[in-house]
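Single-structure report; data block below.
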Amino acid sequence: MSSNRSTESGKRRRFRRMLVDRSIDVVLLTFSLLMLLPLVFLVSNGFKTPQEMLAWPPTVIPANPTIDNFAAVLTQTPLLRWILNSILFAVMSTIAILATSSIAGYILAKFRYRSLNIIFALVLATAIVPFEVYMIPLYFQAQSLGILNSIWALLLGYLVMSFGIFLIRQNVIHSIPDELLEAARIDGAGELWIFFRIVLPLLRGALGALGVLAFFQAWTAFAWPMIVATNREAYTIEVGLALFQTGFTVDLGRLSAASALVLVPSITLFVILRRNFVQGVASTGLKE
Amino acid sequence: MATVEIRNVAKSYGPTDIIRDINVQVPDGAFVVLVGPSGCGKSTLLRMIAGLEDIDKGEISIGGRVINDVEPKHRDIAMVFQNYALYPHMTIAENMGFSLRLAKQSKAEIDQRVGEAARILGLTDYLQRFPKQLSGGQRQRVAMGRAIVRQPQVFLFDEPLSNLDAKLRVQMRGELKDMHARLKTTTIYVTHDQIEAMTMADLIVVMRDGVVEQTGAPLELYDHPANMFVGSFIGSPAMNFLTGTVRHDGGQQTFETASGFRLPVDAAVGALDGLTATLGIRPEHLQLAQTGQGLGGKIVTIEPTGSETFIVVQLGGDRISALLRQRLMASIGDEIWLMPQAGTTHLFDSATTRRLG
């Protein structure tokens, strides 16, 4: 009798747990669909004719799919050039940010000089100043260096990321004990050796996360590329996309097609680095 | 192998003196343990020997060579840390061979020495694994292996067993001792655990507040503590202290406790009649006595462990503990009389806490 009752209550408990699990699934699914929907429409709009684009209700799968938009974007605008500019800019900026953040973050975390505290405070302080504030002085610098309309001008504003330095510093403090470095010093390793062979390999997760953040920061940068690139050939994709919205009209079809094309590299990168990114974010407690 | 000499060494962080004028001689091939409570400066002293902390004053020499300004890597030492400090991204073999690789030894030489150390420590099957795949005891062994392969003049150990559970600690204690017996390398070992110090050391250096309280062989410290601190720190359970007065009674010296009990004084001390002193009695040196003899009081705690019985007794204003070899048919609240074995008590000057006689 009692065993019957216990199996009965066990069943009920399992059922309740399953109900909770399913409800969580439904909620999460709903939100992810809501977040994905604009992307789906973006891609599908790229394949629509102008008439269908404006039709109501909107269709998810185009009735008469066309690749005219893509063809037009690829032939009539230097879209590939812009993508290339963006990739080059984002990759170089990422490399620069990874290098500066790892060196500065490691030194700020592990070397104890009083002056370093002041430097760290200054680094944090720069994070408070919006980029737009020093964008114009930086522009004049780029101009006096004679590097406007080049990748170097784009990079000028994206070599160092104070958040990156902070992220790496926290990660070093959190995951690399002093004893590890001391053991290496006693074992006969020099400081550079320690940095490259011990510190960097242990920061892989954090550097992966920072790399993705840095890449997207440069990839989605708009204001800075907009002011340092004045000829069409030097545009990044963000600036280029804005061209589709002129003062009086918005060419929705081409804009969608171009945007869909632009998604390809960023999604690819995210897929490649996804594990590093999730790991890095989890290990640093970083959330955005 | 080498002697290590620490001469008038001092260190301070800002206004805080961490190490104050310390002198220690570590004989060639000896196993020396630096022991003391947290914050006594023992780890700092070890790190100064290793070259991880600067020496503010004084000199440290290894094998006759003053190493104050020598880089850690050129001091010919190997150090084992409390948290093992294994490189997580390297295999056990790479961890152990790390220093040899840096010293540009040939691959064959590295493999041979790592293999030999792994064999000694029973790690041969784990060489291709990573540290996180090993248990605490195995990791500690890898850390020891990393020290062994360097064949240094001096081994430094900084509380290497503190992260292990009690059973493993006892086992590793034995292994460390074996290793020292085999290699005979001069070893300096830091711990806060006096049992580790007693069981492993040839020579113990007891430290407190940055000074050496006493240096000596384990049993020497146990039998003749130089002051009350050493008396209470060495030995477990801790020594009992009773304050009172030394009395001269017809040619015989006795000690009268504050609660009025009288005990014979063993120490060959001069005429100290009327001196306020402290008598130290180890719990294991107390034995049952007839009613009215020695110290009498009510039992407050009884803890039988099978082989022995630990009791705490209230003596007027004092409490003393005793570790009795026999089983006790008594219960809490019962009256009991205890007497120290002849020749086992220690007399200290209450004012200076120094040993008398």
Side-chain angles (χ1 to χ4, degrees), chain A residues 98 102-103 105-107 109-118 168-211 273 275-280 282-284, chain B residues 13-14 43 46-54 67 70-90 94-105 110 130-132 139 142-147 149-150 152-160 162-163:
Chain A
L98 288 181
S102 56
I103 294 171
Y106 166 59
I107 289 175
K110 286 297 175 194
F111 290 78
R112 294 196 178 90
Y113 300 105
R114 224 168 277 160
S115 53
L116 285 181
N117 290 336
I118 300 168
I168 297 298
R169 176 182 178 269
Q170 297 312 98
N171 212 276
V172 169
I173 290 174
H174 176 79
S175 63
I176 303 181
D178 285 348
E179 285 87 348
L180 212 55
L181 310 176
E182 289 171 347
R185 275 179 205 131
I186 291 177
D187 276 347
E191 293 304 320
L192 281 179
W193 218 96
I194 291 175
F195 179 71
F196 284 110
R197 300 295 180 88
I198 294 175
V199 176
L200 283 190
L202 293 178
L203 287 178
R204 238 179 10 215
L207 288 175
L210 179 60
L273 291 177
R275 190 183 297 172
N276 269 345
F277 184 69
V278 172
Q279 219 173 47
S283 77
T284 51
Chain B
Y13 292 123
S43 281
L46 192 78
R47 292 168 59 81
M48 287 161 88
I49 299 169
L52 300 172
E53 301 279 350
D54 289 333
I67 44 90
V70 178
E71 287 283 310
K73 57 183 167 186
H74 295 134
R75 293 186 180 200
D76 203 3
I77 48 159
M79 185 155 170
V80 176
F81 294 87
Q82 180 177 349
N83 63 4
Y84 324 130
L86 301 180
Y87 311 118
H89 57 299
M90 296 183 195
E94 284 167 347
N95 261 285
M96 287 169 67
F98 184 74
S99 60
L100 301 179
R101 216 168 98 214
L102 285 170
K104 304 222 161 46
Q105 300 276 352
I110 297 176
F130 286 91
K132 67 173 176 222
R139 285 182 212 182
V142 175
M144 279 157 60
R146 200 168 62 179
V149 294
R150 294 192 63 183
Q153 287 197 311
V154 181
F155 283 133
L156 305 175
F157 289 92
D158 190 3
E159 310 222 10
S162 299
N163 284 5

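Keep in mind that this is a model prediction, so the values were computed, not measured. Computation of the quantities below employed the complete heavy-atom set of this structure, encompassing side-chain atoms and omitting hydrogens, waters and symmetry-equivalent molecules. Here is how names work: the chains are called A, B, and so on, in the same order as the sequence lines, proteins then strands, and each is numbered from 1.
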Give me the atom names and distance for the closest heavy-atom approach of [X] to [Y].
X         : Y         : value
Asn83(B)  : Glu179(A) : ND2-OE1, 3.4 Å
Pro72(B)  : Arg185(A) : CB-O, 4.3 Å
Ala78(B)  : Ile186(A) : CA-CG2, 4.4 Å
Leu102(B) : Ala189(A) : CD1-N, 3.4 Å

Give, as side chain, backbone, both or neither, the part of [X] having an atom under 4.5 angstrom from any heavy atom of chain A.
X         : answer
Arg101(B) : side chain
Tyr87(B)  : both
Leu86(B)  : backbone

Under a 4.5 Å heavy-atom cutoff, which of His74(B), Arg146(B), Met90(B) has the most pairs with chain A?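 Among the listed options, the one with the most contacts to chain A is Arg146(B).
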In terms of heavy-atom proximity below 4.5 Å to chain B, should Leu202(A) be classed as side chain, backbone, both, or neither? side chain
Heavy-atom neighbours of Tyr13(B) OH exceed 12 at 6.0 Å: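 It does: Tyr13(B) OH has more than 12 such atoms within range.
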Heavy-atom pairs under 4.5 Å with chain B are the metric here; pick the option from Pro201(A), Pro177(A), Gly188(A) that has the most.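 Looking at each option in turn, the highest pair count goes to Gly188(A).
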Can you check side-chain contact (heavy atoms from CB on, under 4.5 Å) on Glu182(A) and Met79(B), steps first, answer last? CA-CA 9 Å; Glu182(A) 289 171 347; Met79(B) 185 155 170; 5.9 Å; no
